[in-house]
Amino acid sequence: MRVVTPKIVPRGDRCTRSPAVRFASTTPRAAMQPRRTAEEVLFEHGAVKITPARVVSGGTTDAVANITSVKAATDTTCRVYGAFIVLLGLLLALTRSTEAIVLGVLHAVFGKYTEVVLTTGAAEQKAFRARDEKLALEVASAIDLAIMKRGALLGR
């Protein structure tokens, strides 16, 4: 690559660049730019994006190289709270208060979450949480596929 420096020509009390000589290069500008390769996107939904190199979920990015395993687990703590509220509502039903029963039933029915848990060498962390179990299982499968693809690329 050959770069020509500009020639400084004095004009009166200031120096200016000569219009005849400009920065020139024998290599086109496009060839000087680093080549960017597009990552293969295995799964994308909302704020979740999974590629063979990284997992982006919400505001966190995890390297697939650091993930050792992935699992989908159902969080039923909301159902326990719902059952407690139903029991409390039954006790309050003696005083003709049915709001707690309705609230407890809704909480018990709709309070189920499915979480995607990533295991790294250091700890476990919850990467994704959804009420839709199918969506959480798709995310877990896509992360599992990313781990396998990364292993295949490295020849493991």
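Positions are given from 1 along the sequence.
Smallest separation of non-hydrogen atoms from Pro52 and Val64: O-CB, 3.6 Å.
Sorted by first then second residue, the side chain to side chain donor-acceptor pair (under 3.5 Å) pairs that include residues 56-73, not counting sequence neighbours, are Asp62-Gln125, Ser69-Thr119. Counting only residues at least two apart or on different chains, the side chain to side chain donor-acceptor pair (under 3.5 Å) pairs with a member in residues 45-54 are Glu39-Thr51, Glu39-Arg54.
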Can I get a per-line list of side-chain donor-acceptor pairs under 3.5 Å for residues 133-151, giving both atom names and the distance, sequence neighbours left out?
{"unit_1": "Ser141", "atom_1": "OG", "unit_2": "Leu137", "atom_2": "O", "d": "3.0"}
{"unit_1": "Lys149", "atom_1": "NZ", "unit_2": "Glu40", "atom_2": "OE1", "d": "3.4"}
{"unit_1": "Lys149", "atom_1": "NZ", "unit_2": "Glu40", "atom_2": "OE2", "d": "2.9"}

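Summarising the geometry, atom CZ belonging to Phe128 is positioned 12.0 Å from atom CG belonging to Leu118; distances are rounded to the nearest 0.5 Å. To the nearest 0.5 Å, atom CZ of residue Arg129 and atom CD of residue Glu115 are 5.0 Å apart.
Note: the hydrophobic cluster containing Ile67 also contains Phe43 (ILVMFWY, side chain heavy atoms under 4.5 Å, direct or indirect links).
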